Amino acid sequence: MFKLNLSLILILVVCALGVVSVQHEARKLKMALENERKITRNLEVEWGRLQLEQSTLIARRHIENAAIEQLNMEVPSANHVQIISAGKLNDSQWAELEHAEKF
């Protein structure tokens with residue numbers, strides 16, 4: 001009878017250790033799963049950004065092609081490009097702008 005009780009206690013201890021081990025492994029796997037879900041969400045956001053960027057670039061290219069082919073427009077040379085600052089302009093600068101618009 002004593003041997004039976006001792007063997008049952010040993011089996012119980014082994015089973016309890018197995019349960020603890022399995023629970024620990026399940027927690028580790030759940031944390032890994034949550035980490036992968038977070039990475040997936042970040043990748044989905046990045047994918048959305050890339051799709052938006054691609055559609056913007058395609059639209060820009062489409063407009064540029066239409067301007068070149070249908071309207072016979074071309075990119076101006078560097079000496080025909082003027083950069084205007086956002087600051088206040090004086091009268092002589094306005095006169096330059098009006099003169100430049102005629103070309």
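All values reported here derive from a predicted model rather than from experimental measurement.
Here the CD atom belonging to Q51 is positioned 11.5 Å from the OG1 atom belonging to T56, to the nearest 0.5 angstrom. Taking CZ from R60 and CG from N65, the interatomic distance works out to 13.0 Å, rounded to the nearest 0.5 Å. Atom CD of E36 and atom CG of L43 lie 9.5 Å apart (nearest 0.5 Å). The distance from atom CD of Q54 to atom CZ of R61, rounded to the nearest 0.5 Å, is 8.5 Å. Here the CD1 atom belonging to I68 is positioned 12.0 Å from the CD1 atom belonging to I63, to the nearest 0.5 angstrom.
Counted by atom type alone, S21 and H24 present zero donor-acceptor pairs between their side chains at under 3.5 Å.
The environment of CD in E74 is sparse: at most 12 heavy-atom neighbours from other residues, nucleotides or ligands sit within 6.0 Å. E46 CD: more than 12 foreign heavy atoms inside a 6.0 Å radius.
Of the candidates L17, L10, I11, V13 forms a side chain to side chain contact (heavy atoms under 4.5 Å, CB included) with just one, namely L17.
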Evaluate N35 against M31 for side-chain contact (heavy atoms from CB on, under 4.5 Å), listing each step before the verdict. CA-CA 6 Å; N35 188 32; M31 289 188 326; over 6 Å; no
May I have the step-by-step check of side-chain contact (heavy atoms from CB on, under 4.5 Å) for K30 and L33, ending in yes or no? CA-CA 5 Å; K30 185 174 182 178; L33 177 63; 5.5 Å; no
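Note on E44 versus R41: no salt bridge recorded, every NZ/NE/NH1/NH2 to OD/OE distance being 4.0 Å or above.
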